[in-house]
Amino acid sequence: MAMNCIKSLRGIVITKEAVGMVDRRTFSAGAKKKGGKGGAAADAPKASSLGKEVKSTTTVGANILKDGTDPKVLDDSEYPDWLWRLLDKRPALSELRRKNIETLPYEDLKRFVKLDNRARIKENNFSKAKN
């Protein structure tokens with residue numbers, strides 16, 4: 001039995017070159033850095049090739065279609081009213097808890113219920129994770 005193993009091992013010849021090819025680490029050839037120290041020049045923003053008129057009449061970079069063009073900027077009156085309220089500050093949960101729930105407007109009441117449910121879920125998950 002031992003003789004059969006030795007004969008089969010003699011058939012496998014591993015040379016240093018073969019081991020070197022398996023063990024060697026290679027890098028891509030096209031990733032060479034150009035320039036010297038400090039990559040700040042490469043990170044600097046490039047000058048825009050668009051004119052001031054094009055920048056003020058179109059929303060540059062808002063096109064999501066392959067063959068489309070950038071959308072034009074419209075007058076404020078042509079946009080819906082809800083759009084202008086998106087950036088308004090809304091009250092936090094702690095602020096809503098201090099107010100009387102019965103006198104809250106519908107939107108604030110809806111926000112209070114949502115934030116309160118979220119806080120209760122987080123608290124329950126935290127207590128379950130400890131146990």
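Count residues from 1 along the sequence. Just so it is clear, the values below take in all heavy atoms, side chains as well, and ignore hydrogens, waters and symmetry mates.
Here the shortest heavy-atom pairing between Phe112 and Arg97 reads CE1-CG, 3.6 Å. The minimum heavy-atom distance linking Arg111 with Pro91 is given by the pair NE-O, 2.8 Å. Of all non-hydrogen atoms in Leu104 and Leu96, the two that sit nearest each other are CD2-CD2, 4.2 Å. Closest non-hydrogen pair, Asn100 versus Thr103, comes out as O-OG1, 3.1 Å.
Between atom CG of residue Leu115 and atom CG of residue Asn117 there is a gap of 9.0 Å, rounded to the nearest 0.5 Å. Taken from CG in Leu109 to CD in Glu102, the straight-line distance is 10.5 Å, to the nearest 0.5 Å.
Remark: Leu87 CG is loosely packed, at most 12 non-hydrogen atoms of other residues, nucleotides or ligands lying under 6.0 Å away. Surrounding CG of Asp67 are at most 12 heavy atoms belonging to other residues, nucleotides or ligands under 6.0 Å away.
No donor-acceptor distance shorter than 3.5 angstrom exists from the side chain of Asp70 to the backbone of Thr58, with no hydrogens or angles considered.
For residues 74-90, no pair satisfies salt bridge (charged side-chain N to carboxylate O under 4.0 Å, His left out), with sequence neighbours left out.
Grouping Ile, Leu, Val, Met, Phe, Trp and Tyr residues whose side-chain heavy atoms lie under 4.5 Å apart, directly or via other members, leaves Tyr106 alone, with no other cluster members.
Note on Trp84 and Leu74: same hydrophobic cluster, where clusters join Ile, Leu, Val, Met, Phe, Trp and Tyr whose side-chain heavy atoms are under 4.5 Å apart, directly or indirectly.
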